[in-house]
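Since the structure comes first, as structure tokens, the remarks are kept for the end.
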Protein chains: 2
Amino acid sequence: MATLPAKPDMKDRILETADRLFYLQGIRAVGVDTIAAEIGISKRTLYNHFPSKDALISAYLARRFVAPRPSDKSPVEQILGTFDSLERRFSAKDFRGCPFVNAVAELGEDRSVRKVAVAFKESRRLWFRDLLAQLGVAEAEALATQLALLVDGSIAQDLVRNDPAMARAAREAAIVLLKNAGVKVGAADRQNKHTAKKRRSRSAS
Amino acid sequence: MATLPAKPDMKDRILETADRLFYLQGIRAVGVDTIAAEIGISKRTLYNHFPSKDALISAYLARRFVAPRPSDKSPVEQILGTFDSLERRFSAKDFRGCPFVNAVAELGEDRSVRKVAVAFKESRRLWFRDLLAQLGVAEAEALATQLALLVDGSIAQDLVRNDPAMARAAREAAIVLLKNAGVKVGAADRQNKHTAKKRRSRSAS
DNA sequence: GCCTAGTTACACAGGTCTGTGTACCTATTT
DNA sequence: AAATAGGTACACAGACCTGTGTAACTAGGC
């Protein structure tokens with residue numbers, strides 16, 4: 001056997017592979033043997049980097065927890081861009097729903113899994129809320145929750161149906177909710193995704 | 001051991017118990033031994049009624065597939081009643097998300113599971129669509145999809161957060177969407193929710 | 001040249017899971 | 001009374017799972 005060079009950090013390779021398999025096939029459905037075999041390493045090496053499968057699961061979920069990046073786009077563009085991004089991801093073959101929701105569904109009782117899942121959902125809701133506050137929306141809290149419902153609803157529907165149109169439906173609904181809250185959604189925001197940034201500051205109507 | 005009389009059909013008892021355990025703990029997390037032990041029967045008896053665990057899983061999902069019952073209430077009441085019903089179920093201790101979404105998340109590759117999940121989601125969407133058509137909504141198809149997103153979004157959020165307020169948030173969003181489509185939502189529909197006398201049996205979400 | 005850290009190959013313990021085989025038991029029916 | 005249907009008890013095969021133990025190998029740093 002030729003010895004593999006192991007250029008990138010082994011730990012990263014393990015985590016990356018575990019991430020892919022856990023996400024695509026389910027956490028319980030993938031054993032550590034499978035992960036090791038996929039990389040071509042021995043199971044012993046895997047356990048030298050992660051003390052248990054539970055630790056690997058935690059690392060997997062922590063890795064999936066990425067905070068939304070700050071952007072210089074307008075708040076409306078950022079909000080609607082979320083749904084465009086979803087549509088793109090739904091169209092990819094390897095989309096399999098929200099890893100946090102799936103993990104809770106699979107490992108229901110586990111406290112730590114639930115904790116990180118709640119933190120993730122809340123972080124996205126707060127991101128929506130802050131953008132809405134920038135737009136001067138009075139009920140930013142409530143509307144942010146509703147937008148989060150649309151996001152998770154479209155993810156769940158796409159998981160089952162495999163239909164990227166669910167993202168567009170959510171986007172259309174989001175536009176209705178935004179307008180109802182007094183947010184001006186320009187024609188550019190409705191169709192195009194990369195147009196000039198028009199700053200629209202609103203006061204309460 | 002005193003011999004148990006087995007009054008109700010054994011098959012029903014097995015299915016009912018499997019349903020409860022599968023739903024609450026996850027399909028992969030529950031073994032046939034556990035199910036048999038919970039009822040107090042031998043594993044052999046279980047396998048005399050269901051040829052395999054897969055057959056039991058199929059029966060479990062088929063049992064959860066309950067079509068919405070026809071109602072004499074107004075379409076608006078029926079639509080909003082869906083969210084009231086969700087709120088009630090979220091408040092119950094034994095709510096653990098949508099069994100079909102959970103099953104797809106757990107058993108992703110399985111074709112038949114996916115098929116029944118799609119059928120269930122579509123049946124509820126069509127139920128919404130027909131109610132909207134009765135209300136003369138022009139874009140009943142699109143709006144029905146959006147309402148379905150709100151339903152599944154609130155279910156996913158509650159699964160993670162355990163917060164029945166997700167159902168109310170979905171309800172408020174639904175009202176905005178309905179009004180935007182020209183539907184008149186009366187004050188009674190907006191507030192009152194204990195006008196219903198009929199007990200609705202469990203439907204699957 | 002030598003040491004050390006990381007890796008490999010492989011066996012194995014101990015657990016769980018699905019599914020079967022078999023002999024016995026207990027009602028109900030005929 | 002006898003036959004039949006359905007249940008029980010229990011062992012077990014075969015697969016898979018997590019996690020460990022161990023001896024040998026390989027590469028880079030000193």
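Throughout, a chain's letter reflects where its sequence line sits, starting with A, and its residues are numbered from 1.
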### Task
Can you establish whether the number of heavy atoms outside A/Glu139 located under 6.0 Å from its atom CD is more than 12?
no

Whole angstrom value for the distance that separates [atom2] of [N] from [atom1] of [X]:
| X | N | atom1 | atom2 | value |
| --- | --- | --- | --- | --- |
| B/Asp33 | D/dA11 | CG | C1' | 13 Å |
| A/Ile41 | C/dT8 | CD1 | C1' | 10 Å |
| B/Arg28 | D/dC17 | CZ | C1' | 12 Å |
| B/Lys43 | D/dA13 | NZ | P | 13 Å |
| B/Ile14 | D/dT8 | CD1 | P | 9 Å |
| A/Ile57 | D/dC17 | CD1 | C1' | 13 Å |
| B/Ile35 | C/dG19 | CD1 | C1' | 14 Å |
| A/Ile39 | C/dT7 | CD1 | C1' | 13 Å |

### Task
Using heavy atoms to find the nearest nucleotide of DNA chain D for A/Pro51 and A/Thr34 separately, return the residue whose nucleotide is more 5′.
A/Thr34

### Query
Hey, is the main chain of A/Ile27 close enough, under 3.5 Å, to the side chain of A/Lys53 for a donor-acceptor pair?
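Such a contact is found between A/Lys53 side chain and A/Ile27 backbone.
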
### Expected output: side-chain A/Arg114 to main-chain B/Leu159 donor-acceptor under 3.5 Å
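Yes, because the side chain of A/Arg114 sits within donor-acceptor range (under 3.5 Å) of the backbone of B/Leu159.
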
### Task
Could you please name the option among D/dG19, C/dT18, C/dG19 that lies closest to any side-chain atom of B/Ser52?
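Comparing D/dG19, C/dT18, C/dG19 against the side chain of B/Ser52, the answer is C/dG19.
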
### Message
Looking only at the side chain of B/Tyr47 (C-beta and beyond, no hydrogens), which of the listed nucleotides C/dG19, C/dT8, D/dT18 gets closest?
### Response
C/dG19

### Message
Between B/His49 and D/dG7, is there a contact of a side-chain N or O with OP1 or OP2 at under 4.0 Å?
### Response
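Yes, such a contact exists.
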
### Query
Within the pair B/Thr45 and D/dT8, is there a side-chain N or O less than 4.0 Å away from OP1 or OP2?
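Yes.
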
### Task
Consider only side-chain N and O atoms of B/Thr82 and B/Ser85, and report whether a donor and an acceptor are under 3.5 Å apart.
no

### Message
Side chains of B/Ser154 and B/Gln157: any donor to acceptor distance under 3.5 Å?
### Response
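Per modelled atom types, B/Gln157 and B/Ser154 side chains form no pair under 3.5 Å.
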
### Message
Between the base of D/dG7 and the side chain of B/Arg44, is one N or O donor paired with an acceptor at under 3.5 angstrom?
### Response
no

### Message
On DNA chain C, compare the nucleotides closest to B/Ile27 and A/Asn48; which residue's is nearer the 5' end?
### Response
A/Asn48

